[in-house]
Amino acid sequence: MNKQVYLDHAATTPVDKKVLREMMPYFSDRYGNASSLHFFGQEASQAVEKARMQVAKYFNANLNEIIFTSGATESNNLAIKGVLRACYQKPPGGFLSHRVASKGASKPHIITTTFEHHCVLNTIKELEKENLIETTFINPKKDGVINVEDIKNAIKSNTILISVMYVNNEIGTVQPIAEIGKIIHETRNTKHETKSNGYPIFHTDATQAVAYFDCDVEKLGVDLLSMSAHKIYGPKGVGVLYIKKGLNIAKIQDGGAQEFGMRAGTINTSGIVGLGSAISMINDQRTTNNEKIKKLRDYLIAKILKEIPDSRLNGSKIKRSPNNVNVNFSRVEGESLLMMLSSEGVFASTGSACSSGSLSPSHVLLSLGLKPEETHGSLRLTLGKNTTKKEIDYVVKVIKRSVEKLRKVSGSVLKDYYKSMKHEA
Ligand code: PMP
């Protein structure tokens, strides 16, 4: 393979060379356990605390509100299960303990959206299956943006948690988090049974937003925020959960007392150093990178829509992450297109990397109201800070050629293919 163009930055990003340099000493030289009291341990602990400062600064949070985890999947699990667990515990943690104990009391209610990442959706669906919660799933509008009023109308007196992602990982649409935050704060003092007790709690999965959007937790009005280092040029296997001070949340993992007792397990020093380094680089580069990437994104969208007939952009063009292009090509099967592109050195995705390998239609595209057969010719191209115009030109040439080839496949073959496909409800 000659040329290689990576346009799958929403799946993961390369570790920045500077980030890697800062991480390196913590593997084989300064390898102490950050919980050890001796010099080696304290050296590691200082590096972790420096990273905590870098992260806290980025989110405008306090140091003890930053909990390091193994990534956004864990952060989201901790946020959702931790809030629920606290509810079932004795006061002051759990306002629902008295109701749950009493006969006929309603279960805690959680609101989320239909197009969250599977680590949020499946966590909530599992809790529902276990009969521990009631749920409401809100659909986005056709443009992939959640209507704030829909959230407001779904809030009930037993709503404990509202979880809405900041930027969707497949179509890149940006959700009105600050507006939702405002409504939740107003509701707290009126509609909710506990009045000033801090419910409903507001969580956002900001994994795809951190590199591009303001994540000041005060401005957003969030109580919990999840992120992952490998989406921001940091290493895989490390993330953060921001937990607002005083929030009713319980740990979900038992073990040591690391991370203020909220997350047991030996601290991933090198990973955390990498996360801190990566997040402080965004601080310096966000505006310049955003402008550059957005310009290239718009160039890519315009070129595809102009040069490839029967192509369409999925999701709002305006309320969209600077790095995301998600296009649909009618009469094309997305997985075949992906493989063809890969054979020519173009690396993209049909949906989130975690779901690829399954031929079920994307739950995100279905949530926009698309029919299953309309979802299958969709391609996600996500740009990075080093993507060039020359690469974009090459990619469009390859996509155009591949789409033309695939469309030559007879309509009946496609029809049979769709018929035989298992569709997710
Ligand atoms: N949430 C979103 C929006 C994501 O895009 C991802 C990664 N695809 C995750 C959560 C999971 O992140 P991690 O890989 O760190 O577990």
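Counting convention: from 1, in listed order, for ligands and their atoms alike.
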_For ligand 1, the portion of T73 having any non-hydrogen atom under 4.0 Å away_ = both

_For the residue pair H376 / N328, report whether a side-chain donor-acceptor contact shorter than 3.5 Å exists._
no

*Is the closest basic N to carboxylate O distance between K397 and E307 below 4.0 Å?*
no

_Element-labelled atoms of ligand 1 that are located less than 4.0 Å from some non-hydrogen atom of S228_ = 13 (P), 15 (O)

*With atoms numbered from 1 as shown, which atoms in ligand 1 lie under 4.0 angstrom from a non-hydrogen atom of C119?*
10 (C)

*Min N/O separation A10 to ligand 1 under 3.5 Å*: no

*asked:* Show me which atoms of ligand 1 lie under 4.0 Å from any heavy atom of H230.
replied: 13 (P), 14 (O), 15 (O)

*Would you mind running through ligand 1 and noting each atom that sits below 4.0 Å from a heavy atom of M165?*
3 (C)

_Salt bridge check, K295 against E291: does any charged N sit closer than 4.0 Å to a carboxylate O?_
no

*Can you tell which of T204, V167, V148 makes a side-chain contact (heavy atoms from CB on, under 4.5 Å) with I177?*
T204

*Backbone, side chain, both or neither: what part of K231 comes under 4.0 angstrom of ligand 1, heavy atoms only?*
side chain

*asked:* With a sphere of 6.0 Å drawn around NZ of K141, does it hold more than 12 non-hydrogen atoms of other residues, nucleotides or ligands?
replied: yes

*Would you mind finding which of H117, E116, E74, M227 brings a heavy atom closest to atom 6 (C) of ligand 1?*
H117

*Side-chain H-bond candidate by donor/acceptor type, S378 with N314, under 3.5 Å*: yes

*Going by the atom numbers of ligand 1, which of them fall below 4.0 Å from some non-hydrogen atom of G71?*
15 (O)

*Strictly under 6.0 Å, is that where the ring centroids of Y31 and Y26 end up?*
no

*Please could you name the atoms of ligand 1 that Q208 approaches to less than 4.0 Å, counting only its heavy atoms?*
3 (C), 4 (C), 5 (O)

